[in-house]
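Here, residue 1 is the first one in the sequence, and each next residue gets the next number.
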Amino acid sequence: QVQLVESGGGLVQAGGSLRLSCAASGRTFSRYAMGWFRQAPGKERVFVAAISWSGGITYYADSVKGRFTISRDNAKNTVYLQMNSLKPEDTAVYYCAGASVGYSGMGMNEYDYWGQGTQVTVSS
């Protein structure tokens with residue numbers, strides 16, 4: 001069983017930056033692909049970014065490409081989401097997710113573990 005705990009959310013002005021962290025319990029974290037999703041009020045949860053077990057493969061939703069960077073530190077059992085040039089439309093609850101395989105994609109059903117989420121609010 002893997003538990004995921006997100007942190008780093010908050011209120012930021014448009015154009016600002018935040019770094020989200022997701023701390024994972026369990027010895028097998030380094031084998032898992034990890035992802036970030038977000039859910040804005042009244043909308044469905046959508047894919048943001050994913051990273052393979054080694055960190056060698058990353059991909060992003062078009063809406064965040066070039067502004068967000070996903071990374072991981074397997075020694076610390078932590079995955080990060082660096083968010084730059086934030087826009088009001090980035091406002092959402094951000095969720096960390098883990099897949100029991102080394103590579104994962106954009107589908108929520110590919111992920112087996114979920115955190116509770118952290119709120120990100122971008123003011124204009």
Problem - Point-to-point distance, once rounded to the nearest 0.5 Å, from OG of S21 to CZ of R72 - result: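 Separation between the atoms: 13.5 Å.
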
In terms of hydrophobic clusters joined by side-chain contacts under 4.5 Å, are [X] and [Y] together?
{"X": "Y80", "Y": "W114", "answer": "no"}
{"X": "Y103", "Y": "V101", "answer": "no"}
{"X": "F47", "Y": "M108", "answer": "yes"}

Under a 3.5 Å distance rule, please check whether [X] uses its side chain to pair with a backbone N or O of [Y] as donor and acceptor.
{"X": "N74", "Y": "R31", "answer": "no"}
{"X": "T121", "Y": "L11", "answer": "no"}
{"X": "N77", "Y": "S25", "answer": "no"}

Problem - side chain to side chain donor-acceptor pair (under 3.5 Å) evaluation trace for D73 with T78 - result: CA-CA 5 Å; D73 185 338; T78 302; over 6 Å; no

Practice task
Decide whether N84 and S17 meet the rule of one side-chain donor and one side-chain acceptor closer than 3.5 Å.
Solution key: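 The answer is yes; a qualifying pair exists.
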
Practice task
May I have all residue pairs that pass salt bridge (charged side-chain N to carboxylate O under 4.0 Å, His left out) and include part of residues 43-66, sequence neighbours excluded?
Solution key: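 Listed once each, the pairs are D62-K65.
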
Exercise for the section: Would you mind listing every salt bridge (charged side-chain N to carboxylate O under 4.0 Å, His left out) that reaches into residues 89-108, with sequence neighbours excluded? Expected result: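 Salt bridge (charged side-chain N to carboxylate O under 4.0 Å, His left out) check on residues 89-108 returns R38-D90, R67-D90.
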
Exercise for the section: Among residues two or more places apart or on two chains, list those pairs meeting disulfide (SG to SG under 2.5 Å) that have a residue in residues 50-124. Expected result: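 Of all non-adjacent pairs touching residues 50-124, those that pass disulfide (SG to SG under 2.5 Å) are C22-C96.
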
Practice task
Could you list who else is in M83's hydrophobic cluster, with ILVMFWY side chains joined at under 4.5 Å, directly or through other members?
Solution key: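 V2, L4, V12, L18, L20, F29, Y32, M34, W36, V48, I51, Y60, V64, F68, I70, V79, L81, L86, Y94, Y113, V120, V122, listed by chain and number.
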
Problem - Summary of side-chain hydrogen bond (donor to acceptor under 3.5 Å, both in side chains) pairs that have at least one residue in residues 6-16, sequence neighbours excluded - result: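 For residues 6-16, and leaving out neighbouring residues, there are no side-chain hydrogen bond (donor to acceptor under 3.5 Å, both in side chains) pairs at all.
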
Handout entry: Shortest non-hydrogen contact between S124 and A14, atoms and distance
Key =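 In terms of heavy atoms, the two residues are closest at CA-CB, 4.3 Å.
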
Problem - Considering all heavy atoms, the nearest Y111-G105 contact - result: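 Distance-wise, the nearest heavy atoms are OH-O, 2.7 Å.
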
Handout entry: pair T91-Q119: side-chain heavy atoms closer than 4.5 Å
Key =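 Side chain of T91 against side chain of Q119, heavy atoms only: contact under 4.5 Å found.
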
Exercise for the section: Return yes when atom CD of Q39 has more than 12 non-hydrogen atoms of other residues, nucleotides or ligands closer than 6.0 Å, and no otherwise. Expected result: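 Enclosed.
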
Exercise for the section: Could you name each residue pair satisfying ring pair (Phe, Tyr, Trp, His ring centres under 6.0 Å) that touches residues 1-26, not counting sequence neighbours? Expected result: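 Ring pair (Phe, Tyr, Trp, His ring centres under 6.0 Å) check on residues 1-26 returns no pairs.
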
Practice task
Taking the six-membered ring for Trp and the full ring for Phe, Tyr or His, determine whether the centres of Y95 and F37 are under 6.0 Å apart.
Solution key: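 No; F37 has its ring centre 6.0 Å or more from that of Y95.
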
